[in-house]
Amino acid sequence: MGKLQQEFNEYRSKMNEVILSKNNLVMKRLWNLDTNTYDDGALPKKTKEMLGLVASMVLRCDDCIKYHVEKCHELGVTTEELYEIFAVANIVGGTIVIPHTRRAAEYWEEVIVKEEGEEQGGIQERG
């Protein structure tokens with residue numbers, strides 16, 4: 001796991017534990033609603049994650065973008081599909097989304113390098 005990925009996942013997990021440990025019913029329901037929204041339904045999970053990524057980019061939420069980039073990867077989104085998602089987000093959101101596209105692309109590169117390293121027996125090389 002790359003540095004960006006590790007830092008994001010550790011921080012997210014830590015803070016989710018803190019928030020949920022306060023036993024606020026509304027926050028717990030919100031987390032549950034969020035989880036259930038992305039389950040398979042009339043639309044498959046993969047489509048919902050792609051929609052979530054577009055919305056996150058337009059809303060300019062970098063944490064949300066990282067989360068959805070990673071979920072998209074887990075669900076088999078290809079690099080070609082990802083860049084079409086980026087295109088939709090930039091058309092809908094305008095040029096203000098470009099910096100978030102850069103960070104999303106950087107995060108995607110780290111995620112796929114991790115995968116390539118695992119396929120090569122844990123060896124990660126960048127040229």
Side-chain angles (χ1 to χ4, degrees):
M1 180 176 300
K3 183 181 175 189
L4 290 174
Q5 224 179 339
Q6 183 175 349
E7 287 175 357
F8 173 70
N9 287 322
E10 286 175 1
Y11 177 76
R12 183 176 176 275
S13 293
K14 176 185 168 186
M15 294 315 299
N16 282 352
E17 279 183 37
V18 168
I19 293 165
L20 292 173
S21 74
K22 306 308 180 201
N23 291 317
N24 180 283
L25 184 59
V26 174
M27 293 303 292
K28 284 187 173 193
R29 286 179 176 167
L30 180 62
W31 255 251
N32 185 284
L33 183 61
D34 181 68
T35 298
N36 288 320
T37 297
Y38 288 93
D39 278 344
D40 284 321
L43 294 174
K45 233 180 218 190
K46 181 178 174 182
T47 300
K48 290 180 178 184
E49 287 297 341
M50 291 188 289
L51 291 168
L53 179 55
V54 168
S56 297
M57 292 179 74
V58 171
L59 292 169
R60 300 181 304 238
C61 174
D62 284 331
D63 280 4
C64 304
I65 292 166
K66 288 176 184 174
Y67 176 82
H68 289 292
V69 163
E70 206 161 317
K71 287 295 181 186
C72 282
H73 181 263
E74 289 172 14
L75 294 169
V77 170
T78 66
T79 299
E80 185 178 19
E81 289 171 322
L82 186 79
Y83 275 80
E84 288 194 15
I85 294 166
F86 291 170
V88 171
N90 278 265
I91 287 299
V92 172
T95 57
I96 192 71
V97 177
I98 291 171
H100 302 277
T101 304
R102 289 184 192 116
R103 288 189 288 276
E106 176 185 29
Y107 198 75
W108 178 260
E109 291 299 313
E110 184 168 292
V111 169
I112 64 174
V113 165
K114 173 192 156 222
E115 177 185 71
E116 290 168 0
E118 289 173 357
E119 289 173 4
Q120 297 172 8
I123 299 169
Q124 294 184 18
E125 293 182 26
R126 293 258 334 187

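Quick note: numbers below take in every heavy atom, side chains included, and nothing from hydrogens, waters or symmetry partners. For the single chain, residues carry numbers from 1 onward in sequence order.
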Open item on the list: Please find the pair of heavy atoms, one from Ala105 and one from Tyr83, that lie closest to each other, and give the distance.
Closed with: CB-OH, 3.3 Å
- [ ] For Lys48, check salt bridge (charged side-chain N to carboxylate O under 4.0 Å, His left out) against everything at least two apart and list the hits.
- [x] none
Open item on the list: Restricting to non-hydrogen atoms, name the atom on Thr95 and the atom on Pro99 that form the minimum distance, rounded to 0.1 Å.
Closed with: O-CD, 3.9 Å
- [ ] Consider only side-chain heavy atoms of I, L, V, M, F, W and Y, link residues closer than 4.5 Å, and tell whether Val92 and Phe86 are in one cluster.
- [x] yes
Task: Separation of Arg29 CZ from Asp34 CG (nearest 0.5 Å) - done: 16.0 Å
- [ ] Considering non-hydrogen atoms only, spot the tightest contact between Gly76 and Lys46 and give its length.
- [x] O-NZ, 3.7 Å
Task: Distance (rounded to the nearest 0.5 Å) between Thr78 OG1 and His73 NE2 - done: 10.5 Å
- [ ] Please name the pair of heavy atoms, one in Glu110 and one in Lys3, separated by the smallest distance, quoted to 0.1 Å.
- [x] OE2-N, 3.4 Å
Task: Reported CD-to-CD distance for the pair Glu10 and Glu7, which is rounded to 0.5 angstrom - done: 8.0 Å
Open item on the list: Under 4.5 Å between side-chain heavy atoms, counting indirect links through other Ile/Leu/Val/Met/Phe/Trp/Tyr residues: same cluster for Leu25 and Ile19 or not?
Closed with: no
- [ ] Show your reasoning for whether salt bridge (Lys or Arg N to Asp or Glu O under 4.0 Å) applies to Glu17 and Lys14.
- [x] CA-CA 5 Å; Glu17 279 183 37; Lys14 176 185 168 186; over 6 Å; no
Open item on the list: Just verifying a value: how many Å separate Trp108 CH2 and Cys72 SG, rounded to the nearest 0.5 Å?
Closed with: 7.0 Å
Task: Within 6.0 Å of CD1 in Ile91, more than 12 heavy atoms from elsewhere - done: no
TODO: Provide the full list of ring pair (Phe, Tyr, Trp, His ring centres under 6.0 Å) pairs with a residue in residues 7-55, sequence neighbours left out, each pair given once.
DONE: Tyr38-His68
Open item on the list: Please determine whether side chain to side chain contact (heavy atoms under 4.5 Å, CB included) holds for the pair Glu70 and Asn9, giving the CA-CA distance in whole Å, both sets of side-chain angles, and the decisive distance to 0.1 Å.
Closed with: CA-CA 10 Å; Glu70 206 161 317; Asn9 287 322; 3.2 Å; yes
- [ ] Please check if Leu75 and Leu53 belong to a single hydrophobic cluster, counting links between Ile, Leu, Val, Met, Phe, Trp and Tyr side chain heavy atoms closer than 4.5 Å.
- [x] no
- [ ] Give a yes or no on whether Ile112 and Ile65 share a hydrophobic cluster (residues Ile, Leu, Val, Met, Phe, Trp, Tyr; joining criterion: side-chain heavy atoms under 4.5 Å apart).
- [x] yes
Open item on the list: Under 4.5 Å between side-chain heavy atoms, counting indirect links through other Ile/Leu/Val/Met/Phe/Trp/Tyr residues: same cluster for Val58 and Leu51 or not?
Closed with: no
Task: Distance (rounded to the nearest 0.5 Å) between Arg12 CZ and Lys66 NZ - done: 12.0 Å
- [ ] Quick one: closest heavy-atom pair of Tyr107 and Val69, and the distance?
- [x] CD2-CG1, 3.8 Å
Open item on the list: When you compare the side chain of Ile96 with that of Arg60, does any pair of heavy atoms fall below 4.5 Å?
Closed with: yes
TODO: Any chance you could measure Asn90, atom CG, to Ile85, atom CD1, to the nearest 0.5 Å?
DONE: 12.0 Å
Task: Residue pairs, two or more places apart or on separate chains, that pass side-chain hydrogen bond (donor to acceptor under 3.5 Å, both in side chains) and touch residues 18-27 - done: Asn23-Lys28
